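Each remark here refers to the structure printed beneath this line.
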There are 2 protein chains.
Amino acid sequence: MPAKPAGPTAPKALHIANEARRRIIEREWLQGQRIPDEADLAIEFGAARATVNKALQLLADEGLLERRRRAGTRVTINPARKATLTISIVREQVERAGMDYGHRVVAQRRSPAPAKIAKRLGLPQGTVLLHMRAIHYGNGRPFQLEDRWINLAAAPGLEKLDFWQLNANEWLVQNAPYLHAEIAFTAANADKREARLLQTQPGNALLIMQRTTWNELEPITTVRVACQPGYLLNAEGGYRPD
Amino acid sequence: MPAKPAGPTAPKALHIANEARRRIIEREWLQGQRIPDEADLAIEFGAARATVNKALQLLADEGLLERRRRAGTRVTINPARKATLTISIVREQVERAGMDYGHRVVAQRRSPAPAKIAKRLGLPQGTVLLHMRAIHYGNGRPFQLEDRWINLAAAPGLEKLDFWQLNANEWLVQNAPYLHAEIAFTAANADKREARLLQTQPGNALLIMQRTTWNELEPITTVRVACQPGYLLNAEGGYRPD
DNA sequence: TAGTGGTCTAGACCACCAC
DNA sequence: TGGTGGTCTAGACCACTAG
């Protein structure tokens, strides 16, 4: 008899994952210890092995389990805490906060890449890039400063656009999907220009987000975003609730 | 004839995912457009529908596709860029950087929760918590400052421990697994005490990481970590390479 | 109400590696 | 070399919702 009903509406794999998580948290399965193998758990939960596999892979992705062929599945001793940052386009961030969005281009010109930028992109120093700086506003107050370098070769069609009006951020998201990205965060003291543009004082601590993206062949763009003082970047961590 | 060989060693689902990603990136499948349904793709790739499903779910998790029953699968218009932060225990971070790890507890005492902390934990103001501050060192130089509040009720066995010697961070990771976590980043200017402890100047911009964790019943701990000036936090973004 | 994704099952073969 | 996880298949039923 093939295919039993897939459960009322509660994904069985999730149920198994949650139950396994409970056992780990309540120390029924101890750190470093082996847990029963997939076949046994399949019997216990009355599920197919594939379903148990899906559940355990979920926990392994979360870092709670370590799985190896032949060696079995063990509870991780020092689980790394994983968090997922969802970085949407600035406009959506601002609008989600219930503010009116605006943006203004401060500078835009072709310019040979400085050593630092060239290195970050992996391009020869002096390669001509499009350099632009813009301010994103929420309710008329500066929200983020954007300092972006764009590899013209990787963004066909971009030369013709008028970024004085268009939003480079959104154009790139929509027109130059990336394959690989590097993201880093740091803090910096606002310099005079940043302070002026953000309408704050020089020296104030700013959260800096630095992103570089590549397609399969070449770098697309690198951007340094300086957030307004006090900006709190939230990430989602932990596991989904039962 | 059941079960064909699972492919030489190349997971077929990954191959399909990569090919689909290529089609998106190279605009063969346009933003907002519907892509063929699972059954058709299964035929095209000579795979079972379950395999195609796995591949497309992967892309949906990455934010490249939006899938809805009956409506089909569409290419996301403004894909949110997702990044995964892997936050391991400080000692591992330091050691991975090739430095010697050390840590020193600066203060430790029971104390009623200040309003701000109580609110963050969702506990009544004045609840007695364990408050501790510690410095983590790399090669003898301050690496991170940790300011932690622990809910004693959620960490049984903790009262008896000697945190002047033990590493609270690691003890908690090993003994009080959390179910839910909130993580946030911001920047702050070092105050005098922070500057002294980090051996830097007051006013310097510090990257601040603020984490709070809960088990299924109650908050466990909240911690504010101040990183040394110039600290760069790397996240992993984008998609896995082909 | 019919088309699409979501999920499960039973069986199978394979890769890996601890023993 | 055998036990364990990794993956695939073919078939099935169900949930959701666009038309």
Side-chain angles (χ1 to χ4, degrees), chain A residues 1-20 23-24 29 32-76 240 242, chain B residues 1-20 23-24 29 32-76 240 242:
Chain A
M1 62 218 73
K4 226 180 52 185
T9 305
K12 197 182 267 193
L14 264 191
H15 170 70
I16 297 173
N18 287 331
E19 169 61 13
R23 292 181 189 180
I24 293 168
W29 289 344
Q33 238 184 26
R34 251 187 88 169
I35 71 171
D37 65 32
E38 294 185 350
D40 288 345
L41 290 173
I43 295 171
E44 178 192 336
F45 287 105
R49 186 167 78 88
T51 306
V52 173
N53 180 278
K54 190 176 176 184
L56 296 188
Q57 290 223 354
L58 192 67
L59 297 195
D61 287 343
E62 290 174 1
L64 280 184
L65 293 178
E66 284 172 350
R67 322 191 70 209
R68 267 156 51 208
R69 284 164 155 135
R70 166 76 196 193
T73 299
R74 292 177 180 277
V75 180
T76 304
R240 58 200 62 62
D242 289 325
Chain B
M1 61 220 75
K4 226 181 46 186
T9 306
K12 195 181 271 194
L14 265 190
H15 169 72
I16 297 173
N18 287 332
E19 170 61 14
R23 293 183 187 180
I24 294 169
W29 289 343
Q33 237 184 28
R34 254 188 85 169
I35 71 170
D37 66 32
E38 294 186 350
D40 288 346
L41 290 173
I43 293 171
E44 178 191 339
F45 287 105
R49 185 168 76 90
T51 306
V52 173
N53 180 276
K54 191 178 176 183
L56 296 187
Q57 290 224 352
L58 193 68
L59 297 194
D61 287 344
E62 291 174 0
L64 280 185
L65 293 178
E66 284 172 350
R67 323 191 70 211
R68 268 157 51 211
R69 284 164 155 135
R70 167 75 195 194
T73 299
R74 291 176 181 278
V75 179
T76 304
R240 58 200 63 61
D242 290 325

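Computed from a predicted model, the values in this text were never measured in an experiment. Throughout, a chain's letter reflects where its sequence line sits, starting with A, and its residues are numbered from 1. Both backbone and side-chain heavy atoms feed into the values below; hydrogens, waters and symmetry mates do not.
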At under 4.0 Å, does any side-chain N or O of B:R49 touch on OP1 or OP2 of D:dT9?
-> no
Whole-Å distance separating the CG atom of B:L14 from the P atom of C:dA15 = 16 Å
Does the side chain of B:N53 get closer than 4.0 angstrom to OP1 or OP2 of C:dG5 through an N or O atom?
-> no
Are any of the side-chain heavy atoms of A:L41 and A:E38 separated by less than 4.5 Å?
-> no
Could you tell me whether the phosphate oxygens of C:dG6, OP1 or OP2, come under 4.0 Å of any side-chain nitrogen or oxygen in A:K12?
-> no
Could you tell me the separation between the CD atom of B:E66 and the C1' atom of C:dT4, rounded to a whole number of Å?
-> 16 Å
Side-chain donor or acceptor of A:R69 under 3.5 Å from a matching atom on the base of D:dG2?
-> no
With no hydrogens and no angle check, is any side-chain donor or acceptor of A:R67 less than 3.5 Å from a backbone partner on A:T73?
-> no
B:P11, nearest nucleotide to its side chain (from D:dC16, D:dC8, C:dC16) | D:dC8
Between B:A48 and B:R34, whichever has its closest DNA chain D nucleotide further toward 5' is B:A48
Distance from B:L56 atom CG to B:L64 atom CG, nearest 0.5 Å?
-> 11.0 Å
When you look at CZ of A:R23, are more than 12 heavy atoms from neighbouring residues, nucleotides or ligands closer to it than 6.0 Å?
-> yes
If only side-chain N and O atoms of A:Q57 are considered, is one of them under 4.0 Å from the OP1 or OP2 phosphate oxygen of D:dG6?
-> yes
In whole angstrom, what separates B:L58's CG from D:dC8's P?
-> 12 Å
Taking only the side-chain nitrogens and oxygens of A:R68, find out if one of them lies under 4.0 Å from OP1 or OP2 of C:dA18.
-> yes
Under 4.0 Å: is that the gap between some side-chain N or O of B:T73 and OP1 or OP2 of C:dG5?
-> yes
Whole angstrom value for the distance that separates C1' of D:dC8 from CD1 of B:I16 | 10 Å
Determine whether A:K54 and A:T51 make a side-chain contact, defined as any pair of heavy atoms from C-beta on separated by less than 4.5 Å.
-> no
Protein-nucleotide distance (B:R74, atom CZ; C:dT4, atom C1'), rounded to Å = 12 Å
Does any nucleotide pair with D:dC14 by Watson-Crick or G-U wobble geometry, both distances under 3.5 Å, and what is it?
-> C:dG5
Can you tell me the distance, in whole Å, between the CZ atom of B:F45 and the C1' atom of D:dC8?
-> 16 Å
With a 4.0 Å cut-off on heavy atoms, is B:A39 in touch with a base, just the backbone sugar-phosphate, or nothing at all?
-> nothing
Output for pair (A:R74 CZ, A:L65 CG), nearest 0.5 Å, gives 12.0 Å
Nucleotide nearest B:R67 when distance is taken to its side chain, options C:dA2, C:dG5, D:dC8 | C:dG5
Check the distance between D:dT9's C1' and B:K54's NZ and give it to me in whole angstrom.
-> 13 Å
Would you tell me if any nitrogen or oxygen in the side chain of B:T51 comes within less than 4.0 Å of OP1 or OP2 on D:dT9?
-> yes
Can you tell me the distance, in whole Å, between the CZ atom of B:R70 and the C1' atom of C:dT1?
-> 8 Å
